[in-house]
Each structure stands twice: as C-alpha cells, then as structure tokens.
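Working notes for the structure below.
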Protein chains: 2
Amino acid sequence: MDFFRIFAHRNHTLLCHLPMLPDSEHQILSCRDCNIRHCAAAVLGVEELDLINNSRHESVFRKGDIIIHEGSPTSYIIYLKSGLVKEYIKGNQEKEQILQIVRKFSYLGLSSLFGDKVNHYSYAALEDITVCYIDISTFHQLIKKNGSFGFEILVSVSRDNLNNFNRFMKQSQKKTYGRVADAILYFSKIIYESNEFDIPFTRQELADLIGISRESATRVLTKFNEDGIVDLHERHIRIDNLPLLQQISKNG
Amino acid sequence: MDFFRIFAHRNHTLLCHLPMLPDSEHQILSCRDCNIRHCAAAVLGVEELDLINNSRHESVFRKGDIIIHEGSPTSYIIYLKSGLVKEYIKGNQEKEQILQIVRKFSYLGLSSLFGDKVNHYSYAALEDITVCYIDISTFHQLIKKNGSFGFEILVSVSRDNLNNFNRFMKQSQKKTYGRVADAILYFSKIIYESNEFDIPFTRQELADLIGISRESATRVLTKFNEDGIVDLHERHIRIDNLPLLQQISKNG
DNA sequence: TCTTTTTTGTGACGGATATCACATCCTGCC
DNA sequence: GGCAGGATGTGATATCCGTCACAAAAAAGA
C-alpha cells in the first residue's frame, strides 16, 4: 500500500506526550508544566521552555473559523493543542484545494515559515480547537541556539512534506474511484484510526481534498454504499469491506 | 503569475559562491578552499569544514547515469557541484513522474534525509555532472552541533518543498495547454534563465514532468509552434510570444 | 555503412469526468 | 412555523485527453 507508507509521526505517539486532560478548558500556567508539548520540545531545557512561555499566548477558535489566511505575514507559529484543522489554498476565486487535515499536537505553517515571510496556506478549524501562539523570532532563536531542536523540527517538516507530496503524487495518477477510496482510507487510517467515523467535510470539501468535482464524489460514494463497501449515512461512514477498498485505492 | 512565485534560492546567487572554475576537472584539495560551496556552508567554521572534508569524496557521472535509486538506504548526502539532474519516482513499472530538475549547488535527497533511512526519490544525470559525497552521520552531527547550519538547511529544504508543491498543485488544476506552457516557462525562467535553450528531455520525459501523455505533449508543442508562440526544432526551443505563453499558463 | 533501437509525429477512437440543470433535503434564523 | 440559503443526489450532455496503431526520422551500435 504505497499510499500509506506513512512515517510515524513521533508527536502522535503516546511516548511523546501524555493523554489530553479531561478538562479542555484547562489553561496551563507554563510551558514547563505542559504535558501536551510537541515532541521536538523534548530536547528543550527549562530556560528554553520559559523563553517560549514568555512569548506565547493561548486562544480558542470555533468550528469554521479561519486561523491563518494565505498571504498574511508570518509573525507567529501556531501550535495546535486540540481539534482538527484543514490546510488549504485557493488561488483567486478558483476552486479550493485542500492539502491535508492537521491533527492536534502539530505546528501550523511550519513549512511556510522558513521560505519567506508569508503564509502560503490557509488554515481553518474543522471543529472547536485550542491553539498556542508562539512568537516567530523566539522560535528562530531557539533553532539557532539549540541544534537538536532544529534537527527535530527538520525531521518533522521533512516527514510532513514527504507524506503530503507522496499522497498528492499517488493521487494524481488515479481516477475518481481510486481517489475516493484514498480519501476514505485517509480518514480511517490517519485521522481517526478507526473503521467508523464522521467525515468532518461537506461533499464539496471532500471533492476538494482529492481534486474531483462534487458530483463525482457523490456518485462514487453512492456506488460504494450500494456495493456494500461502506455503510454511509449523511456524513457518517463505516468501512465494511476494507480489502476491496484498499484494492480500489491501489488499482486507481 | 502564481506559478512563478518562486523564492530566490540563495545558493543560486553570486553572493553565495564564486563563479565556476574554468577547469571543471579541477579537484579541490579541501572544503576550506572550495568556492562553490552550498550557501548554508557559509556559517561553518574551518574545523567544521574539515570535518566534512574528512568524510567526503568526489565523483563524476555521465549523462543518463542513475545517481540515487529510490528505495536505497541513505548513507550519503550528495552535493551537486556541476550539471543538471532530474529527480523522479516510478512506482513499480508504472509511468515515471518527474518531480523537478535540480541545478548545481544543491544537495540531492535532502527532503528524504530526515524522514527515514531510505531515499524516496531517484536521481539521474541529464548531462555529465560532478558531485561530492558527504557522510550522513557527519551531516547530522553538524546540524545538531551548529544550530545556524541547521537553520540554513531548514530554509533550503522548506523553500524547495514549497516550490515543488506549489508547482505540482497549480499543475493539477490545469489542462494540457497550460501544463505545456508551464513546462516551457519552467525551463526558461528557473532552469536556463533564457528565452532560448535546448530541452534536456525527450518528449516522453517532458510529458512525465507535467503528467500528460507523450502524444499530447507532442501535439501541443506542434500547435504552439504553428501559432508562432515558440520556435521549435527538435529539442531546441525559443520563446517568441512570452505574454501569450504566460496567459496560457495562467488560464490553464 | 547497414542494422537495430529509440524517438517523434499524426490520425482515429472511446471513455472518464466536468459541467449544467434541477429536485430534495437540511439547517439556521427571524 | 416558515423562509432562505446551502448541501446533496441524479440525469443528460459535451469534451478533453489517453490509448492504440502506424509511419517516419533520428540515434546508437556493430
């Protein structure tokens, strides 16, 4: 399954952070005490964590809110503490292209950060989320000061890019059925790690993720439902025939 | 021109390195004396350069040679001292997908380097080239030891990724005419920085770069030639109507 | 120089899919 | 509750473009 030759993201393992606190309103007092840090932060000392702490502030977004707008200057790095976010671009009035869904415990905009001083992608909340703003100069400073931290960020950026690029490339040589299969498997394997979930997207957004038209997406989903490959009601989906779905994904 | 919102690559400016020596056979004695270093190397001290020097060796490839094969373990970083290289993948026996053309003064395989221990892309020489092998552990060591070097590498990787991803994305929402126009402009603006050049590709490779069939590529090129947009003979091409070509690129 | 292989151009054809059009359904909102 | 706007499903249609087939040209060997 070439499509899912995904590299484990260390920040998505339990080795890297403790489980979420039950109280999501919980405002931590200091980065020192934060137990949902990014895995790269493991190499930071207490003074360095304090440095981040002094330049950060927390914030909350509601479902549908735009967190970063493409073209805006990058003055902050945003760390996603909880919730799902979509990363996307739209070239002037053209159709929207969704790059990926970002899960909690990731930085937003890292890939744009070192290119120039502008955000190249937009980010919107798919559900209510909490984030941490970190001053960009502090971030730069840390990377230059602590080589190991830079190395970890480099690993993170590289994997992210490789995964996205890989997905995109595979996609581009597939037809609609294969693409829709990919999308379902993407949600199942990468995002929710479950056979049954609610798609956090409209049909249009789903189509934008895999680069097909809304109508085609609908048609293929209906077909998958009729054929018993998935059980689909509105946005709720359950995979009933995983092997077949994987084969469709593979064969295009 | 969204397609060409490319970030200047510092290692491609004269500020960053001196012009090539006239004698391309010239074997330098030490990294210290190398005047075609990657721009990131500017932040390295003499001991650090010596560290690289002790683990490196130079080599030459002939046109058509494969430099790195996808799937091979990454034990070296390869620095391209002169010549052009194509970066590509082919999923088993499927059609080849060319990611980009790499110019001299770039590292090969950087983006794969931090993901895992395998090369994800293949590299083949488009002309006779010279390279420098650098031991990967030395490279890792340097990044961790010298934060500024890591930062520069991070910048380099980020820009490269952003450019490729951007190009790829724009492409995916264009039709054949727009794609061929993109390819011509890519060679003209990015690779050769000239209105007139020899395409270092077969028609098939050109098609693989922009994700269309060979026949379509041929047909579009012929059409461009007939319409006086370009002057084309075999692999030699001269752009005669740049504005129109840009418009075709933009409108898809 | 001759042979073999690779590269290139061109026509005909069919299929996949985007687009248009419209009917339902759902959701928030006054 | 009723209305407006968005989201969804479905059919009909047009078209872009990949595939096949073959000839010609160029390149590579021998």
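Naming convention: chains lettered A, B, ... in sequence-line order (proteins, then strands); numbering from 1 in each chain.
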- Query: Think A/Ser213 has a side-chain N or O under 4.0 angstrom from the OP1 or OP2 of C/dT17?
  - Reply: no
Taken to the nearest whole Å, CD/A/Gln173 to P/D/dT19 is 11 Å
Q. Going by the angle between their ring planes, with limits at 30° and 60°, are A/Phe201 and A/Phe187 parallel, tilted or perpendicular?
A. perpendicular
Taking C/dG9, D/dA7, D/dT19 as options, the one with an atom nearest any side-chain atom of A/Thr202 is D/dA7
- Side-chain N or O of A/Thr176 less than 4.0 angstrom from OP1 or OP2 on C/dT17? yes
Exercise for review: Verify the contact: side-chain N or O of B/Thr218 to OP1 or OP2 of C/dG9, cut-off strictly under 4.0 Å; return yes or no.
Suggested key: yes
Is there a side-chain polar atom (N or O) of A/Arg214 under 4.0 Å from OP1 or OP2 of D/dA7? no
B/Lys175 atom NZ is separated from C/dA18 atom P, nearest whole Å, by 9 Å
Per atom distances to the A/Glu215 side chain, the nearest of D/dC20, D/dT10, D/dA26 is D/dT10
Practice task
Using only side-chain N and O atoms of A/Arg235, determine if any of them is under 4.0 Å from OP1 or OP2 of D/dT8.
Solution key: yes
A/Ile212 CD1 to C/dT19 P, in whole Å, measures 12 Å
Q | Pair B/Asp128 + B/Arg62: basic N to acidic O under 4.0 Å | A | yes
Here the distance between atom P of D/dG11 and atom NZ of A/Lys223, to the nearest Å, is 13 Å
Task: pair B/Ile134-B/Tyr107: side-chain heavy atoms closer than 4.5 Å - done: yes
Tell me yes or no: between the side chains of B/Ser249 and B/Asp182, is some donor less than 3.5 Å from an acceptor?
yes
When you check the side-chain N and O atoms of A/Glu70 and A/Tyr121, is any donor under 3.5 Å from an acceptor? no
Please evaluate the base of C/dT19 for a donor-acceptor partner in the side chain of A/Arg219 within a cut-off of under 3.5 Å?
-> yes
note: A/Asn225, atom CG; D/dT8, atom P; distance rounded to Å ~ 15 Å
Rounded to whole Å, the CG-P distance (B/Leu221 to D/dC17) equals 14 Å
From NE2 of B/His233 across to C1' of D/dA26 the rounded distance in Å is 16 Å
Separation of D/dT8 atom C1' from A/Leu232 atom CG, nearest Å, is 11 Å
Side-chain contact check for B/Glu234: nearest option of C/dG9, C/dA18, D/dA26 is D/dA26
